[in-house]
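A quick write-up on the structure given underneath.
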There are 2 protein chains.
Amino acid sequence: MYKKKIPIRKECGLHVFKELLNGKWKLMLIYYISVGLKRPGALQKKIAVDRRVMNKQLDELVQHGFVEKVSFDTKVPKVEYQLTALGNSLLPLIISIEEWGENNRAVLETVLSEAIT
Amino acid sequence: MYKKKIPIRKECGLHVFKELLNGKWKLMLIYYISVGLKRPGALQKKIAVDRRVMNKQLDELVQHGFVEKVSFDTKVPKVEYQLTALGNSLLPLIISIEEWGENNRAVLETVLSEAIT
DNA sequence: GCAAGTACGCACAAATTTGTGCCTATTTGC
DNA sequence: GCAAATAGGCACAAATTTGTGCGTACTTGC
């Protein structure tokens, strides 16, 4: 993993959150795992991103204690992910964010289109 | 501003939120403005980051409609920021995130220290 | 006059995150 | 045998974000 050169800010909850959950797909992954998409294959179909990118995000979520990875040693290898208590504690937040986004979708999409950024 | 090469995902509220508020200092800026730190100087003392970095984040917040910038054309130039309705609509979310971070600070700090990331 | 405070800005460097090229191995189903 | 699905990996390229070097201009207070 990438070794940070700039010290991590921990002084407020916002930073702590951001530091751990900044990944482009992390919140989505947690959400989809929570609704029952436990298999890598299923998750990948949902979020439509390269397998290795998704894996990296999942690995970090595991390392950071939001998700557990269960490997079944069957003939055809099989993996399942499930949320830890910490991961579950994020769900209300994720849902709030998602709702905020949907409630303001009209305005926000306009902004996104206009912005040069 | 930076012209994106990878298309922006808008399909879910999480992405929309992330796209606009991903900046390292954005949520903090919105929060501090909401509690009355309207002047750039005051904000800068709080978040302790280079002026130009902060300005860039503020400019984007203005462009995206979360914050309004008011310039007073006095002899000594003066600037004040204030939240728009859209910016205000984020406050509950920001507070929830902040609380989540603080509530789980013990665990999360451990994770942050251990993680090589 | 001059330090300190206000504010603004370009261009570039550095850090960080995200994505891709190319490889390995096993089993199931045709 | 061979395609497709399972899962894993290294090394690097590309994209994106964050931070810095250096410069401008004005006003107030000593």
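A, B, ... follow the sequence lines: proteins, then strands. Residue 1 opens every chain. Note: hydrogens, waters and symmetry copies are ignored here, and every other heavy atom, side chains too, is used.
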[N], OP1 or OP2 - any side-chain N/O from [X] closer than 4.0 Å?
{"X": "A:Lys69", "N": "D:dG8", "answer": "yes"}
{"X": "A:Lys56", "N": "C:dG19", "answer": "no"}
{"X": "A:Lys24", "N": "C:dG19", "answer": "yes"}

B:Lys75 or A:Pro77, whichever maps to the more 5' nucleotide of DNA chain D | A:Pro77
Walking DNA chain D from its 5' end, the first of A:Asn55 and B:Ile6 to be reached, judged by nearest nucleotide, is A:Asn55
Check the distance between [N]'s [atom2] and [X]'s [atom1] and give it to me in whole angstrom.
{"X": "A:Ile47", "N": "C:dG19", "atom1": "CD1", "atom2": "C1'", "result": "13 Å"}
{"X": "B:Glu60", "N": "D:dT18", "atom1": "CD", "atom2": "C1'", "result": "11 Å"}
{"X": "B:Tyr2", "N": "C:dA15", "atom1": "OH", "atom2": "C1'", "result": "14 Å"}
{"X": "A:Lys78", "N": "C:dT28", "atom1": "NZ", "atom2": "C1'", "result": "15 Å"}
{"X": "A:Lys5", "N": "D:dT20", "atom1": "NZ", "atom2": "P", "result": "14 Å"}
{"X": "A:Leu43", "N": "D:dA7", "atom1": "CG", "atom2": "P", "result": "10 Å"}
{"X": "B:Leu21", "N": "D:dT18", "atom1": "CG", "atom2": "P", "result": "12 Å"}
{"X": "A:Met54", "N": "D:dG9", "atom1": "CE", "atom2": "C1'", "result": "15 Å"}

Consider the side chain of [X], meaning its heavy atoms from C-beta on, and name the nucleotide among [options] that approaches it most closely.
{"X": "B:Trp25", "options": "D:dA7, D:dG19, C:dA15", "result": "D:dG19"}
{"X": "A:Lys4", "options": "C:dT17, D:dG19, D:dT16", "result": "C:dT17"}
{"X": "A:Val79", "options": "D:dA7, D:dA15, D:dG19", "result": "D:dA7"}
{"X": "A:Val53", "options": "C:dA7, D:dA7, C:dT18", "result": "C:dT18"}
{"X": "A:Arg52", "options": "C:dC22, C:dT28, D:dT16", "result": "C:dC22"}
{"X": "B:Val76", "options": "D:dA7, C:dT20, D:dT27", "result": "D:dT27"}
{"X": "B:Asp50", "options": "C:dA7, D:dA7, D:dT20", "result": "D:dT20"}

Does the side chain of B:Met54 come within less than 4.5 Å of B:Trp25's, by heavy atoms?
-> no
Any side-chain heavy-atom pair from A:Leu90 and A:Leu21 closer than 4.5 angstrom?
-> yes
Mapping B:Gly41 and A:Gln57 onto DNA chain C by nearest heavy atom, which one lands closer to the 5' end?
-> B:Gly41
Treating [X] as the side-chain partner and [Y] as the backbone partner, does any N or O pair qualify as donor plus acceptor under 3.5 Å?
{"X": "A:Glu68", "Y": "A:Gln82", "value": "no"}
{"X": "A:Arg9", "Y": "A:Glu19", "value": "no"}
{"X": "A:Lys18", "Y": "B:Asn22", "value": "yes"}

Ionic contact status for A:Glu109 with B:Lys10, cut-off 4.0 Å = no
Base of C:dG9 paired with side chain of B:Arg51 (donor-acceptor, under 3.5 Å) =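 Counting by modelled atom types and ignoring angles, a donor-acceptor contact under 3.5 Å is found here.
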